[in-house]
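Below is one structure, written out as structure tokens, with a few remarks after it.
Only this structure's heavy atoms are used, side chains among them; waters, hydrogens and symmetry mates stay out. Along the sequence shown, residues carry numbers from 1.
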Amino acid sequence: MKIVVIGSGTAGSNFALFARKLDRKAEIIVIGKEKTMQYSPCALPFVLSGKIPKLEDIIVFPNEFYEKQKIQMMLETEAKTIDRKRKVIITDKDEVPYDKLVLATGSKAFIPPIKGVEKKGVFTLKEMRDVREIQEYIKERKPKKAVVIGAGLIGLEGAVAFRELGMEVLVVELLEHLLPTMLDKDIASIVQSHLEEKGIQFRFGVGVSEIIGDPVTAVKIGEEEIESDIVLVATGVRANVDLAREAGLEIKRGIVVDECLRTSDPNIYAIGDCAEVYDAVTGERILSQLGTTAVRMAKVTAENVFNKNVKFKPVFNTAITELFDLEIGTFGITQERARKEGIEVVVGKFKGSTKPEYYPGGKPITVKLIFRKDNKKLIGAQIVGGERVWGRIMALSFAAQKETTVEDIAYGETAYAPPISPTIDPITVAAEMALRRFK
């Protein structure tokens, strides 16, 4: 069997490795525009800040590793057309026939139509070359004032990186609060206060209308001009679907796939940022543009290419980050989105400590749990704290995937040791508070 993958990022590279584990003889070819196979885009802000010393450190495996796995790489190569009748991919170098095709074309940074956005000193943070360009610009221009457009994950991580490099930083967000798709306003305000204490400023409910100067010298917000030496545009990403659309595959916001991740052509699969999946709470088709989702899709597709008939489960979009010394974890639906979707929910919220009150060194932690009112199932959580957020959010995410109820968490078994965790865990208390509201 000849399997061709278009896209050498997280989804495409992982698919190739999973497929090779399942079949040692299949011919596997990966076509990619970059010079290397998979690297971690999520690590880019941490390279920029200097926490990760070298950009090359974020490359997961060297190209030689894939060669040893007998995975053929066609890097620095662009797939131009998919001829479905002939089952051939036409690239800028050659034609490549396939038996099964996997589209892992990823996503690209969305650039809003802001006047002057094309000017020198305006950047995105999506690819390795973005970091190189920003680093060169900083070395050359030594900017002191940065404006970040967008308060999502990449925007905030970029803002922290700029601040750690000694710049004054202003984050401008069109919506009412930071991380608007991940957090409710009450939890977002905790994060905002923490970042403000570290010197990052915010403007909400407004947008940048113009970028002034070339190189940039200021941005315009309404009628106000604010000085800026560098601008980061972090207004989200869009799925790369042009190749699939031109091939006649079904497209909505992303490439439409079934539960086995097949497209409208049974010989073609789509995975990663370019493919739509199902939301575990609403049942709607969404884009889940997370590295963890891409890896799981790669694993399921590898099984299905070899006729295993494995279904990809709906997603809760579990995500974590760390901003300075504050950990943030979230999954599922927010209270604000539930209201818009017409889903009645019951919420439990608790602010406590990561250790018993008597033990020194405990750090504040706030837990917010969201349950369906009709069946008491956990459908969302938001946790913000100084430590051990990631373990709690992952445990709760697994619980939600197993359709856990409020009683399961309120009366569930937890672990205790004074240096690590209190006798009654904060997630237990938050569930208890929600349980009272059901009665």
Would you compute the distance between atom [atom1] of [X] and atom [atom2] of [Y] and round it to the nearest 0.5 angstrom?
| X | Y | atom1 | atom2 | value |
| --- | --- | --- | --- | --- |
| Lys144 | Ile230 | NZ | CD1 | 12.5 Å |
| Ile286 | Lys252 | CD1 | NZ | 13.5 Å |
| Leu48 | Arg132 | CG | CZ | 13.5 Å |

Check the side chains of [Y] and [X] for a donor-acceptor pair under 3.5 angstrom, ignoring hydrogens and angles.
| X | Y | value |
| --- | --- | --- |
| Thr354 | Glu387 | yes |
| Tyr39 | Glu34 | yes |
| Thr293 | Gln289 | no |

According to salt bridge (Lys or Arg N to Asp or Glu O under 4.0 Å), who are the partners of [X], at least two apart in sequence or on a separate chain?
| X | result |
| --- | --- |
| Lys373 | Glu344 |
| Asp214 | none |
| Arg392 | Asp425 |
| Glu341 | Arg337 |

How about Pro45 and Leu125: do any of their side-chain heavy atoms sit closer than 4.5 Å? yes
Would you mind reporting whether Leu103 and Ile268 have side-chain heavy atoms less than 4.5 Å apart? yes
With sequence neighbours left out, what residues match [X] under ring-ring contact (aromatic ring centres under 6.0 Å, His included)?
| X | value |
| --- | --- |
| Phe202 | Phe204 |
| Phe65 | Phe61 |
| Tyr137 | Phe123 |

Identify, with sequence neighbours excluded, every residue that meets side-chain contact (heavy atoms from CB on, under 4.5 Å) alongside [X].
| X | answer |
| --- | --- |
| Ala395 | none |
| Thr321 | Leu153, Glu157, Leu323, Ile328 |
| Arg436 | Met433 |
| Ala104 | Val5, Ala11, Ile271 |

Applying side chain to side chain donor-acceptor pair (under 3.5 Å) between Ser288 and each of Asp279, Asn317, Asp273, Thr318, report the one that passes. Asn317
Pairs where residues 395-410 contributes a residue and the test salt bridge (charged side-chain N to carboxylate O under 4.0 Å, His left out) is met, not counting sequence neighbours: Lys376-Glu407, Lys377-Glu403
Indicate yes or no: does Lys368 engage Asp184 in a salt bridge with an N to O separation below 4.0 Å. yes
